[in-house]
Asker: 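To start, I am sharing the structure in question, which I have written as structure tokens.
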Amino acid sequence: MALHNRRDFLAGSAALALTACGGGGGGGGSSATTPPVATPPVVTPTPSNPTQTALTFGNAGVHDPSVIKADGTFYVFGSHLAAAKTTDLMNWTKIGDGVNNANPIFGNKVTTELAEALAWAKTDTLWAPDVTKLADGKFYMYYCACKGDSPLSALGIAVADKVDGPYVNKQLLLKSGMAGASEDGSTYNANIHPNVVDPSVFPDATGKLWMIYGSYSGGIFILQLNATTGMPLAGQGYGKHLMGGNHARIEGAYVLYSPATKYYYLFVSFGGLGAGTDGGYNVRVARSLSPDGPYVDGAGKDMSTVKGAAGTFFDDASITPHGMKLMGAHQFANASGETGTALGYISPGHNSAYLDAATGQLFMIFHTRFPGTGEAHEIRVHEMHLNEDGWPVIAPLRYAPLSLASPAQTADVSAAQAAGSYKLVNHGKDIAAAAKGSINVTLNTDGTVSGGLTGTWTHNGANKLSVVSGGTTYKGVLSRQWNTNASAFVVSFSALSAGGVSLWAIRT
């Protein structure tokens with residue numbers, strides 16, 4: 001199967017290219033060769049680092065990972081019926097892969113269970129699903145299939161008693177790409193109607209159930225579901241439009257509610273998913289006080305108006321200024337004393353997110369490619385924090401619990417501990433395939449910032465930090481994260497401007 005970061009489709013009489021969330025390198029659901037992971041050096045005990053030993057990670061390739069926690073274990077389900085599980089968000093074990101009858105997720109009969117969807121979409125694979133647990137204790141998988149060179153897609157629902165299956169098909173819910181009448185009764189038009197893929201289901205604060213979905217084509221849509229059956233309420237057609245249209249490169253929608261801020265956060269990926277020049281996947285967020293919008297960015301822009309110009313395809317220029325860009329392609333240069341492959345991501349995106357109700361911790365789960373390794377992709381998990389303006393920011397390094405620090409470290413980072421030298425990435429606002437490189441900056445004890453970035457900084461208490469540079473204020477959060485290349489937990493911060501530009505910094 002050809003690489004899915006480029007799919008041609010027909011809209012009217014024009015032959016177009018459709019970048020969407022269906023795949024990784026090569027065929028099937030497997031990732032390509034795992035990118036090299038440097039083995040951290042053995043740490044010789046010193047007075048400053050007497051006992052810390054290197055942490056290890058178990059990696060797995062699941063494209064478009066959608067997370068659910070069941071019985072103390074995290075599961076992710078992704079494109080090509082790939083799935084993996086973990087108990088610690090560090091070590092992943094594959095539990096299924098490939099749309100074939102050897103995959104146990106559908107009891108070794110996926111090709112017959114989902115024959116109707118595969119036939120409609122004229123494909124032999126599946127794209128990004130989502131699994132949720134309803135009040136009856138059963139697990140509901142919202143699956144989708146797409147032809148790939150057109151928005152000819154089908155979205156359905158299957159049910160299982162256990163999170164890892166076997167799932168049994170229930171029925172199709174939506175279709176797209178047809179010639180003639182669409183789900184809302186009007187003639188299907190790919191400029192304004194959705195490609196019915198990338199479903200994600202979430203409850204709101206009152207117990208109502210919603211499904212958000214869509215990729216490129218007419219954009220991102222939302223439907224209300226019956227909270228008992230998981231089925232769409234009657235009479236909604238395709239639902240309410242929230243973002244995108246005219247084939248703008250926006251997909252992978254996921255909504256997370258925060259009881260702390262009362263906001264619903266809508267995460268999406270802008271750009272193309274591949275490692276090549278047509279890639280540029282980056283994660284953006286908007287928020288709303290209502291589950292079905294309107295969702296706005298830091299400038300107050302209603303994201304339902306963010307779309308490509310009429311008559312264009314993949315019009316990045318029209319969408320680039322909007323949404324809060326949390327993460328894109330980047331690479332941190334190794335600092336003095338660091339060893340191994342320099343850390344960074346290429347086209348990170350199509351995330352899900354998780355809120356630990358007991359601890360209040362926020363996590364972002366996504367797939368990413370890596371500098372210099374082509375289309376190989378793996379799952380990554382990062383902590384998120386809420387800044388002073390109530391926007392999520394992503395910690396710069398992959399997650400490892402601070403409880404593994406030895407000797408023990410506190411989560412609190414004082415102003416004195418924050419002062420020092422950092423390597424910093426400015427993620428910018430563009431949709432770019434090339435990795436942003438890091439620069440060296442210093443947070444000086446007198447409150448100034450020097451080096452590759454100049455300005456001022458302020459510690460605002462409770463690990464909150466502000467950086468002002470060039471007239472722009474970035475509001476962020478300090479934390480201690482595991483730096484594989486230093487074999488140590490180090491101070492880091494992530495900050496976000498009102499214009500939606502993120503800074504990531506790692507203490508050196």
Asker: Taking R249 for the side chain and S269 for the main chain, is one N or O donor matched with an acceptor at less than 3.5 Å?
Answerer: no
Asker: Can you check side-chain contact (heavy atoms from CB on, under 4.5 Å) on C146 and N195, steps first, answer last?
Answerer: CA-CA 8 Å; C146 182; N195 185 11; 3.8 Å; yes
Asker: Does P291 offer a backbone N or O that forms a donor-acceptor pair with the side chain of Y295 under 3.5 Å?
Answerer: yes
Asker: Would you check if L362 and L256 make a side-chain contact, meaning some heavy-atom pair closer than 4.5 Å?
Answerer: yes
Asker: Answer yes or no: is there a donor N or O on one side and an acceptor on the other, between the side chain of Y75 and the main chain of A83, under 3.5 Å?
Answerer: no
Asker: Once you round to the nearest 0.5 Å, how far does CD of E251 lie from OG of S217?
Answerer: 10.0 Å
Asker: Backbone N or O of A395 within a donor-acceptor pair of the H382 side chain at under 3.5 Å?
Answerer: yes
Asker: Do any N or O atoms from the side chain of K325 and from the backbone of H427 form a donor-acceptor pair under 3.5 angstrom?
Answerer: yes
Asker: When you compare the side chain of W482 with that of T484, does any pair of heavy atoms fall below 4.5 Å?
Answerer: yes
Asker: Quick one about W504 and S494 (side-chain donor to acceptor, distance below 3.5 Å, no hydrogens or angles considered), yes or no?
Answerer: yes
Asker: Assess whether side-chain contact (heavy atoms from CB on, under 4.5 Å) is satisfied between Q417 and R480, documenting all intermediate values.
Answerer: CA-CA 11 Å; Q417 293 166 335; R480 300 183 194 274; 3.0 Å; yes
Asker: If every non-hydrogen atom of L55 is compared with every non-hydrogen atom of A400, which pair is closest and at what distance?
Answerer: CD1-CB, 3.7 Å
Asker: Just so I know, are the side chains of L225 and Y142 near enough to count as touching, which here means a heavy-atom distance under 4.5 Å?
Answerer: yes
Asker: Per the ring-ring contact (aromatic ring centres under 6.0 Å, His included) rule, which among Y399, F363, Y354 passes with F74?
Answerer: Y354
Asker: Could you give the distance from CG (N444) to OG1 (T456), rounded to the nearest 0.5 Å?
Answerer: 11.0 Å
Asker: Between Y474 and V393, does a side-chain contact (heavy atoms from CB on, under 4.5 Å) hold up when you go through it step by step?
Answerer: CA-CA 11 Å; Y474 302 86; V393 294; over 6 Å; no
Asker: One pair to check against ring-ring contact (aromatic ring centres under 6.0 Å, His included): H63 and H80. What are the steps and the verdict?
Answerer: CA-CA 8 Å; H63 215 263; H80 313 303; 7.4 Å; no
Asker: So does R398 pair up with E378, basic N to acidic O under 4.0 Å?
Answerer: no
Asker: Hey, is the main chain of G58 close enough, under 3.5 Å, to the side chain of N91 for a donor-acceptor pair?
Answerer: yes
Asker: Step by step, work out the side chain to side chain donor-acceptor pair (under 3.5 Å) result for N191 and N189.
Answerer: CA-CA 5 Å; N191 292 293; N189 180 345; 3.1 Å; yes
Asker: Heavy atoms only: give me the nearest M327-I394 pair and the separation to one decimal.
Answerer: CB-CD1, 4.0 Å
Asker: Would you please say whether a donor-acceptor pair under 3.5 Å links the side chains of D446 and T448?
Answerer: yes
Asker: Under a 4.0 Å N-O cut-off, is there an ion pair linking D389 with R287?
Answerer: no
Asker: Return yes when atom NZ of K69 has more than 12 non-hydrogen atoms of other residues, nucleotides or ligands closer than 6.0 Å, and no otherwise.
Answerer: yes
Asker: Parallel, tilted or perpendicular for H193 and Y238, by the 30°/60° rule?
Answerer: tilted
Asker: For K85, does the NZ atom sit with more than 12 other heavy atoms under 6.0 Å from it, leaving out its own atoms?
Answerer: no
Asker: For the atom pair CZ (F489) and CG (L397), what is the distance rounded to the nearest 0.5 Å?
Answerer: 10.5 Å
Asker: Side-chain contact test, heavy atoms from C-beta onward, threshold under 4.5 Å: evaluate it for F366 versus Y281 and give yes or no.
Answerer: no
Asker: Ring-plane angle category for Y257 and Y264, please: parallel below 30°, perpendicular beyond 60°, tilted otherwise.
Answerer: tilted
Asker: Within 45 degrees of the axis of the six-membered ring of Y345 and under 6.0 Å from its centre: does R380 put its NZ or CZ there?
Answerer: no
Asker: Can S304 and D302 be counted as having a side-chain donor-acceptor contact under 3.5 angstrom?
Answerer: yes
Asker: Is it the case that the side chain of Q331 and the backbone of A342 share a donor-acceptor pair, with hydrogens and angles ignored and the cut-off at 3.5 Å?
Answerer: yes
Asker: Between the side chains of D204 and W210, is a donor N or O closer than 3.5 angstrom to an acceptor N or O?
Answerer: yes
Asker: If I compare all heavy atoms of L496 with all of P392, which pair ends up nearest, and what's the gap?
Answerer: CD2-O, 4.0 Å
Asker: Can you see which heavy atom on P396 is nearest to which on S492, and at what distance?
Answerer: CD-OG, 3.6 Å
Asker: Could you check if a side-chain atom of L453 sits within less than 4.5 angstrom of a side-chain atom of N426, using non-hydrogen atoms only?
Answerer: no
Asker: Check this for me: K301, atom NZ, are more than 12 non-hydrogen atoms of other residues, nucleotides or ligands nearer than 6.0 Å?
Answerer: yes
Asker: When the ring planes of F332 and H330 are compared, do they come out parallel, tilted or perpendicular, using 30° and 60° as the limits?
Answerer: perpendicular
Asker: In the structure I gave you, are the side-chain heavy atoms of L343 and I506 within less than 4.5 Å of one another anywhere?
Answerer: no
Asker: Check whether any side-chain heavy atom of N460 lies under 4.5 Å from a side-chain heavy atom of S466, and answer yes or no.
Answerer: yes
Asker: Sub-3.5 Å donor-acceptor pair from the side chain of R369 to the main-chain atoms of L273, do we have one?
Answerer: yes
Asker: Please find the pair of heavy atoms, one from M324 and one from G298, that lie closest to each other, and give the distance.
Answerer: SD-N, 3.1 Å
Asker: Give the intermediate values and the outcome of side-chain contact (heavy atoms from CB on, under 4.5 Å) for residues K423 and E338.
Answerer: CA-CA 12 Å; K423 47 185 177 181; E338 295 182 347; 2.4 Å; yes
Asker: If I compare all heavy atoms of S318 with all of K307, which pair ends up nearest, and what's the gap?
Answerer: CB-O, 3.4 Å
Asker: A side-chain contact here means heavy atoms from C-beta on lying under 4.5 Å apart; do Y422 and V491 qualify?
Answerer: yes
Asker: Roughly how far, to the nearest 0.5 Å, is the OG atom of S438 from the CG atom of N334?
Answerer: 9.0 Å
Asker: Could you check whether D292 and S290, counting side-chain N and O atoms only, form a donor-acceptor pair closer than 3.5 Å?
Answerer: no
Asker: Can you measure from OG1 (T368) to CG (N351) and round to the nearest 0.5 angstrom?
Answerer: 11.5 Å
Asker: Under 3.5 Å, side chain of D130 to main-chain N/O of A128, donor-acceptor pair present?
Answerer: no
Asker: Keeping N387 on the side-chain end and V477 on the backbone end, is there a donor-acceptor pair under 3.5 Å?
Answerer: no
Asker: Please report the interatomic distance CZ(F493) to NE2(H459), rounded to the nearest 0.5 Å.
Answerer: 11.5 Å
